[in-house]
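Structure first, commentary second.
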Amino acid sequence: MNLPNKLTMLRVILVPVFMVFAAGSRYGTADFNPAFALVAGIIFAAASFTDFLDGYLARKNNLVTDFGKFMDPLADKCLTTAAFIYMVACGVCSPVVLAVILFREFAVAGVRMLAAETGTVIAANMWGKVKTVLQMLTVLFYYFAAALANPTDIMAVGLITQLLCWLCGAATVLSGGIYLWQNRKLFMQAK
């Protein structure tokens with residue numbers, strides 16, 4: 001296993017660690033723990049950085065593999081979906097946004113499964129990467145703002161996070177639509 005693939009697997013391993021701290025932060029409750037929110041943000045930032053680093057190293061050193069093409073977007077989905085689930089639980093993200101994100105991910109996974117039947121591996125496209133970066137920036141804003149803001153700023157943090165989540169929802173719809181359109185021929189070939 002090459003270094004970029006190891007970094008991808010590190011991101012997968014960091015997901016449950018992030019989840020422990022995200023669950024323990026309990027934003028918006030009397031039991032809110034800003035230290036847990038800060039640690040969740042730091043773990044998410046480190047995991048997100050591995051997303052950039054593994055792709056950069058794979059392209060720079062010609063280490064792109066089918067495993068990486070498959071596992072890298074899956075690791076991103078696990079990380080961001082977990083974060084959005086906790087944001088919905090904390091009341092700063094609409095369940096509609098989470099549903100849009102999940103629907104897009106299931107649709108893309110279905111397209112990739114159809115492609116795999118023909119021996120084709122579909123790498124993430126630019127719009128999917130834009131969507132992922134926007135989702136990651138939204139999550140980072142939320143956890144760091146929640147951890148570092150004054151208690152009187154809770155409403156502002158929640159409102160800005162909600163707006164960013166809706167922006168993520170729009171970017172997710174756009175990227176999913178483009179992805180499905182670009183790969184529409186797979187549906188025609190499916191038996």
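Heavy atoms only: backbone and side chains are in, while hydrogens, waters and symmetry mates are out.
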Of all heavy-atom pairs between [X] and [Y], which one has the smallest distance, and what is that distance?
X      : Y      : value
Val97  : Cys165 : CG1-O, 3.3 Å
Pro4   : Leu63  : CD-CD1, 3.8 Å
Phe18  : Ala82  : CE2-C, 4.3 Å
Gly169 : Val100 : O-CG1, 3.7 Å

Using the rule that Ile, Leu, Val, Met, Phe, Trp and Tyr join whenever any side-chain heavy atoms are under 4.5 Å apart, tell me whether [X] and [Y] fall into a single cluster.
X      : Y      : value
Val15  : Phe84  : yes
Phe106 : Leu79  : yes
Leu140 : Ile101 : yes
Phe70  : Val12  : yes
Leu148 : Phe21  : yes

Within this structure, what is the [atom1]-[atom2] distance for the pair [X] and [Y], rounded to the nearest 0.5 Å?
X      : Y      : atom1 : atom2 : value
Asp76  : Met71  : CG    : CE    : 10.5 Å
Lys131 : Cys168 : NZ    : SG    : 9.5 Å
Met1   : Leu7   : CE    : CG    : 11.0 Å
Phe67  : Leu74  : CZ    : CG    : 9.0 Å

Worked check of side-chain contact (heavy atoms from CB on, under 4.5 Å) between Tyr142 and Cys93: CA-CA 10 Å; Tyr142 167 65; Cys93 183; over 6 Å; no

Side chains of Thr172 and Glu105: is there a donor and an acceptor less than 3.5 Å apart?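 Note: Thr172 and Glu105 side chains miss the donor-acceptor criterion.
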
Would you say the side chains of Asn2 and Thr65 form a donor-acceptor pair under 3.5 Å?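 No.
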
Take Lys77 and Arg104 through the side-chain contact (heavy atoms from CB on, under 4.5 Å) test and state the conclusion after the steps. CA-CA 10 Å; Lys77 288 170 184 47; Arg104 187 246 184 226; 4.3 Å; yes

Mind checking what makes side-chain contact (heavy atoms from CB on, under 4.5 Å) contact with Leu167, not counting sequence neighbours?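 Here the qualifying residues are Leu134.
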
What do you reckon, are the aromatic ring centroids of Tyr27 and Tyr143 less than 6.0 Å apart?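 Not under 6.0 Å, so no.
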
Donor-acceptor contacts, no H, no angles, side chain residues 29-58, under 3.5 Å, sequence neighbours left out:
unit_1, atom_1, unit_2, atom_2, d
Thr29, OG1, Arg26, O, 2.7
Thr29, OG1, Asp31, N, 3.2
Thr29, OG1, Phe32, N, 3.4
Asn33, OD1, Ala35, N, 3.0
Asn33, OD1, Phe36, N, 3.2
Ser48, OG, Phe44, O, 2.8
Thr50, OG1, Arg11, NH1, 3.0
Thr50, OG1, Ala47, O, 2.5
Asp54, OD2, Thr8, OG1, 2.6
Asp54, OD2, Arg11, NH1, 3.0
Asp54, OD2, Arg11, NH2, 3.3

When you measure from the side chain of Asn183 to the backbone of Tyr179, do you find a donor-acceptor pair of N or O atoms at a distance under 3.5 Å?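 Such a contact is found between Asn183 side chain and Tyr179 backbone.
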
Where do Phe141 and Met136 land on the side-chain contact (heavy atoms from CB on, under 4.5 Å) test, with the steps shown first? CA-CA 9 Å; Phe141 168 81; Met136 288 179 172; over 6 Å; no

Hey, are the side chains of Ile178 and Gln182 touching, using non-hydrogen atoms and a 4.5 Å cut-off?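 With C-beta onward as the side chain, the pair touches.
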
Would you indicate whether Met155, at its atom CE, is surrounded by more than 12 heavy atoms from other residues, nucleotides or ligands within a distance under 6.0 Å?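 Incorrect, the count does not exceed 12.
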
For Ile85 and Met19, what are the C-alpha separation, side-chain angles and deciding distance, and is it a side-chain contact (heavy atoms from CB on, under 4.5 Å)? CA-CA 10 Å; Ile85 288 170; Met19 291 171 63; over 6 Å; no

